[in-house]
Peer 1: 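Take a look at the following structure, please.
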Amino acid sequence: MEFLSQQQFKDLSYMKIEKTITRNILTGMLLVILIFTSNFGFSQSDQIKPKDSLSFNYKFNASMRMSKGRLNQLMIPLLLQTTLTKKTFEIDLIGNYIYHKINGFQLENDILTRGVFTLFPQRRIHPVIGYIYESSLLYQVKSRHSPGLGIGLTMINKTNHKLRLNSFASYDKTVFENIQGYETFRANLILFGSDVLIKDRLDFNYTIFYFQSGQDGTNYTLRFEPKLLFKLNKIFSFSVNMNYRYESIVDPVNTKENLFMSVGLQIANMK
């Protein structure tokens, strides 16, 4: 049996200590590398993955037409639109109010509101749920309720040109002031379009509505709402508005076809 000398024993001890230190250093370096690459990976994925934050947009359009003298007239159309958007859904609420008085006679005190809930709005085809409420002095409509369910189709989605179509199957219950109302199921088509005619200077927006009864072919409504926006800056625009409406079933004291034009100011953080 051989015994190690004192020097050999010291050398072997140093070698063990050296291996232990080396192994610990390598282990520590490996842990640092793993931690670093893990943190780097998380930070990279955070940068690449789009944030699904809730965004809020608004649009407010106010116009006024006034005259004094032989024709005393005051007309105030107001429009407010708010949109809540997330990656998985979108809620769009639109309210129209028109006050119109001529020579002391109140012609309009009308409310028209629309609400649309959209699932997965970033997809080209997406489900939509809509609701329309209307009360109109002009058309002698006491109330109109129209909930609907359908699909939305993004036809064009470019920076300077957007086109979207909503198609609903809806239920319409209309109550008139002076005549008997009706209940019917409708096919509703709403086309939304916007074009940039001159960048940062002139925009053209339009909405076309066509509501057709499924039980009565003579019961339908057509509306066309084009708008020119002369951009003053990113938020304020001078607007020229037109509202054309043809409704086949109205109170006999009213005309089926009406056309209004107005100018005003729009405040918005969305197109």
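For the numbers below, each heavy atom of this structure counts, side chains included, while hydrogens, waters and symmetry mates do not.
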Peer 1: Between E257 and Y244, does any side-chain donor sit less than 3.5 Å from a side-chain acceptor?
Peer 2: yes
Peer 1: So, using ring-ring contact (aromatic ring centres under 6.0 Å, His included) as the criterion, who are the partners of F230 when residues are at least two apart?
Peer 2: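 Scan of F230 (ring-ring contact (aromatic ring centres under 6.0 Å, His included), adjacent residues dropped) gives none.
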Peer 1: Do N61 and S239 meet the criterion of a side-chain donor-acceptor pair at a distance under 3.5 Å?
Peer 2: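 Judged by distance alone, the side chains do pair up.
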Peer 1: Would V263 and L259 show up in the same hydrophobic cluster when neighbours are defined by side-chain heavy atoms closer than 4.5 Å?
Peer 2: yes
Peer 1: Grab the two heavy atoms, one from G193 and one from L163, that are nearest each other, plus how far apart they are.
Peer 2: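 Shortest heavy-atom separation between G193 and L163 comes out as CA-CD1, 4.0 Å.
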Peer 1: What I want to check is whether the side chains of Q212 and R186 have a donor and an acceptor closer together than 3.5 Å.
Peer 2: no
Peer 1: Which hydrophobic side chains are connected to V116, either touching it within the sub-4.5 Å cutoff or through other members that do?
Peer 2: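 Members other than V116 - counting any ILVMFWY side chain reachable under 4.5 Å - are L112, V128, I132, F168, I190, F192, F209, F211.
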Peer 1: Side chains of R65 and S262: do they bring a donor and an acceptor to under 3.5 Å?
Peer 2: no
Peer 1: Applying ring-ring contact (aromatic ring centres under 6.0 Å, His included), can you list everything that pairs with Y131, at least two apart in sequence or on another chain?
Peer 2: none
Peer 1: Just checking, any donor-acceptor pair under 3.5 angstrom between side chains of H145 and E134?
Peer 2: no
Peer 1: Report yes if some heavy atom in the side chain of Q73 is under 4.5 Å from a heavy atom in the side chain of N103; otherwise report no.
Peer 2: no
Peer 1: How about R245 and L222: do any of their side-chain heavy atoms sit closer than 4.5 Å?
Peer 2: no
Peer 1: Would you please say whether a donor-acceptor pair under 3.5 Å links the side chains of D92 and Q81?
Peer 2: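 Yes.
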Peer 1: Tell me yes or no: between the side chains of K162 and N157, is some donor less than 3.5 Å from an acceptor?
Peer 2: yes
Peer 1: I'd like to check the ring-ring contact (aromatic ring centres under 6.0 Å, His included) partners of Y210; sequence neighbours left out, ordered by chain and number.
Peer 2: none
Peer 1: Does Y220 have its ring centroid less than 6.0 Å away from the ring centroid of Y246?
Peer 2: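 Yes - the distance between ring centres of Y220 and Y246 falls below the 6.0 Å cut-off.
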Peer 1: Does F176 sit in a hydrophobic cluster with other residues, and if so which ones, taking ILVMFWY side chains as linked at heavy-atom separations under 4.5 Å, directly or through other members?
Peer 2: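 Other cluster members: L71, M75, I98, I102, F105, L107, L138, Y139, V141, I179, Y182, I249, V250, F260.
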Peer 1: Salt bridge between K227 and E225, side-chain N to carboxylate O under 4.0 Å?
Peer 2: no
Peer 1: Between the side chains of Y99 and Q106, does any donor sit under 3.5 Å from an acceptor?
Peer 2: no
Peer 1: Testing the 3.5 Å rule here: is there a donor-acceptor pair between the side chains of N188 and S170?
Peer 2: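 Checked: N188/S170 side chains pair up, N/O donor to acceptor below 3.5 Å.
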Peer 1: List the residues meeting salt bridge (Lys or Arg N to Asp or Glu O under 4.0 Å) with E90, not counting sequence neighbours, and say none if there are none.
Peer 2: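 Applying salt bridge (Lys or Arg N to Asp or Glu O under 4.0 Å) to E90 gives none.
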Peer 1: So F224 and M242, do their side chains get closer than 4.5 Å, heavy atoms only?
Peer 2: yes
Peer 1: Between S213 and N219, is there a side-chain donor-acceptor contact under 3.5 Å, judged purely by atom types and distance?
Peer 2: no
